[in-house]
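Beneath this line is the structure, given in structure tokens, with notes to follow.
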Amino acid sequence: MASRRLFQISRGILGLRTASLAQPQYARAFCSAQKPFEHIITEVRGDKKNVGFIQLNRPKALNALCDALMFELSDALDAFEKDENIGAVLLTGSEKAFAAGADIKEMQPLTYQKCLSGDFLGHWTRVAKCRKPVIAAVNGYALGGGCELAMMCDIIYAGEKAKFGQPEILLGTIPGAGGTQRLAKAVGKSLAMEMVLTGNPIDANRALQSGLVSAVFPVDELVNKAQKTAEKIAGLSKLSVGIAKETINAGYEMPLQEGLHFEKRMFHSTFSLDDRKEGMSAFVEKRKANFTDN
């Protein structure tokens with residue numbers, strides 16, 4: 001029964017949709033013009049209104065990551081990146097599912113030629129390319145594309161009932177939006193192999209132990225905890241935060257010595273910032289720093 005249930009869940013795992021594959025520009029224009037968004041909810045949060053909040057909102061489909069939703073997500077991130085007051089973004093779903101569904105029937109007729117010519121999933125990396133820190137607050141299922149989306153974020157907080165998995169193998173395919181690559185780097189080769197080759201998910205505590213998430217909270221506290229972290233980050237020097245994020249991401253792809261060299265140069269660059277001067281002066285003078293993002 002457990003394996004049958006897992007297979008049923010896996011029928012909606014990838015978060016892939018092909019409706020706009022043939023005409024991606026049309027789909028993007030449709031989403032951009034649509035206000036409010038159809039598949040996500042956005043708002044500005046925090047005491048200083050400096051946190052961009054995005055909630056996946058396809059409850060009947062367990063927040064399936066269709067193309068239309070992903071285009072809307074890209075548009076929302078574009079808007080938050082342009083807003084100079086926003087210092088961090090919080091991405092979440094519902095208590096039942098972060099993202100654990102997809103319309104497999106729309107993928108079924110695809111061929112290799114169509115995937116290749118249409119660059120299927122090519123636009124799915126927008127979250128990973130966001131210049132501002134993105135925190136994922138994951139409750140419930142984060143399977144297939146949902147797990148991949150969470151891993152594109154910079155920090156993952158999990159609710160205590162969260163489930164992470166890459167069950168694409170049960171559908172006769174493999175992860176296609178980072179599931180074989182980011183997962184292995186996050187949890188190590190052995191566990192990634194087990195998850196990808198069997199399709200078995202892991203719970204929140206195993207995700208914490210393996211390094212996939214950085215903290216686990218009660219379900220009803222998760223979003224507030226994630227927002228507090230986002231507000232703290234957004235209240236610091238946005239320039240320094242951006243440099244730190246870029247340095248970590250770049251070093252993740254480099255050999256150690258090359259990464260250390262890059263880090264030192266980025267560290268040196270902060271000495272051109274007014275915020276670096278203010279931060280050190282405030283420390284010496286034993287007062288709170290007043291960062292101006294200069």
At what distance, to the nearest 0.5 angstrom, does [atom1] of [X] lie from [atom2] of [Y]?
| X | Y | atom1 | atom2 | result |
| --- | --- | --- | --- | --- |
| Asn57 | Ile41 | CG | CD1 | 4.0 Å |
| Arg265 | Leu260 | CZ | CG | 12.0 Å |
| Gln55 | Phe98 | CD | CZ | 11.0 Å |
| Lys185 | Glu253 | NZ | CD | 3.5 Å |
| Leu149 | Thr125 | CG | OG1 | 11.5 Å |
| Asp275 | Lys277 | CG | NZ | 11.0 Å |

Shortest non-hydrogen separation from [X] to [Y] and the atoms involved:
| X | Y | result |
| --- | --- | --- |
| Ala234 | Ala88 | CB-N, 4.0 Å |
| Ala250 | Phe262 | CB-CE2, 3.6 Å |
| Val196 | Gly179 | CG2-O, 4.3 Å |
| Gly87 | Pro133 | O-CD, 3.5 Å |
| Glu148 | Pro175 | OE2-CB, 3.3 Å |
| Gly279 | Ala289 | CA-CB, 4.2 Å |

Test item: [X] side-chain N/O and [Y] main-chain N/O as donor-acceptor pair under 3.5 Å:
| X | Y | value |
| --- | --- | --- |
| Glu278 | Asn290 | yes |
| Glu168 | Thr173 | no |
| Asn50 | Asn85 | no |
| Thr92 | Ala137 | yes |
| Asn139 | Gly93 | no |
| Asp293 | Lys238 | yes |
| Glu72 | Phe37 | no |
| Lys245 | Lys132 | yes |
| Tyr141 | Gly165 | no |
| Asn63 | Ala97 | yes |

Determine, for [X] against [Y], whether the closest basic-nitrogen to carboxylate-oxygen distance falls under 4.0 angstrom.
| X | Y | answer |
| --- | --- | --- |
| Lys129 | Glu81 | no |
| Lys49 | Glu231 | no |
| Asp78 | Arg126 | yes |
| Glu43 | Arg45 | yes |
| Asp203 | Lys163 | no |

State, yes or no, whether a side-chain contact exists between [X] and [Y] at a heavy-atom distance under 4.5 Å.
| X | Y | answer |
| --- | --- | --- |
| Leu73 | Ile54 | yes |
| Arg276 | Ser240 | no |
| Phe80 | Val44 | yes |
| Val138 | Phe164 | yes |
| Leu69 | Ile40 | yes |
| Met151 | Gln166 | yes |
| Phe283 | Lys288 | no |
| Asn294 | Leu273 | no |

Report task. Start with the C-alpha distance between Leu56 and His39, add both sets of side-chain angles, then the distance that settles side-chain contact (heavy atoms from CB on, under 4.5 Å), and finish with yes or no. Result -> CA-CA 6 Å; Leu56 308 182; His39 302 303; over 6 Å; no

Query raised in the report: Got more than 12 heavy atoms from elsewhere within 6.0 Å of CD, Glu221?
Result: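 For Glu221, atom CD is crowded (more than 12 foreign heavy atoms under 6.0 Å).
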
Report task. Assess whether atom CE of Met254 is packed by more than 12 heavy atoms of other residues, nucleotides or ligands within 6.0 Å. Result ->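 Buried by this count: over 12 neighbours within 6.0 Å.
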
If hydrophobic clusters are built from ILVMFWY residues whose side chains come within less than 4.5 Å, do [X] and [Y] share one?
| X | Y | value |
| --- | --- | --- |
| Ile156 | Phe217 | no |
| Met266 | Val241 | no |
| Phe291 | Leu239 | no |
| Leu183 | Leu65 | yes |
| Leu90 | Ile86 | no |

Report task. Could you verify whether a donor N or O on one side chain and an acceptor N or O on the other, from Tyr157 and Ser214, lie under 3.5 Å apart? Result ->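 Side chains of Tyr157 and Ser214: no pair found under 3.5 Å.
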
Query - Stepwise side-chain contact (heavy atoms from CB on, under 4.5 Å) check, Cys153 with Ile135 - result: CA-CA 6 Å; Cys153 299; Ile135 300 175; over 6 Å; no

Report task. Would you check, one step at a time, whether the test side-chain contact (heavy atoms from CB on, under 4.5 Å) holds for Ile155 with Val134? Result -> CA-CA 7 Å; Ile155 299 172; Val134 181; over 6 Å; no

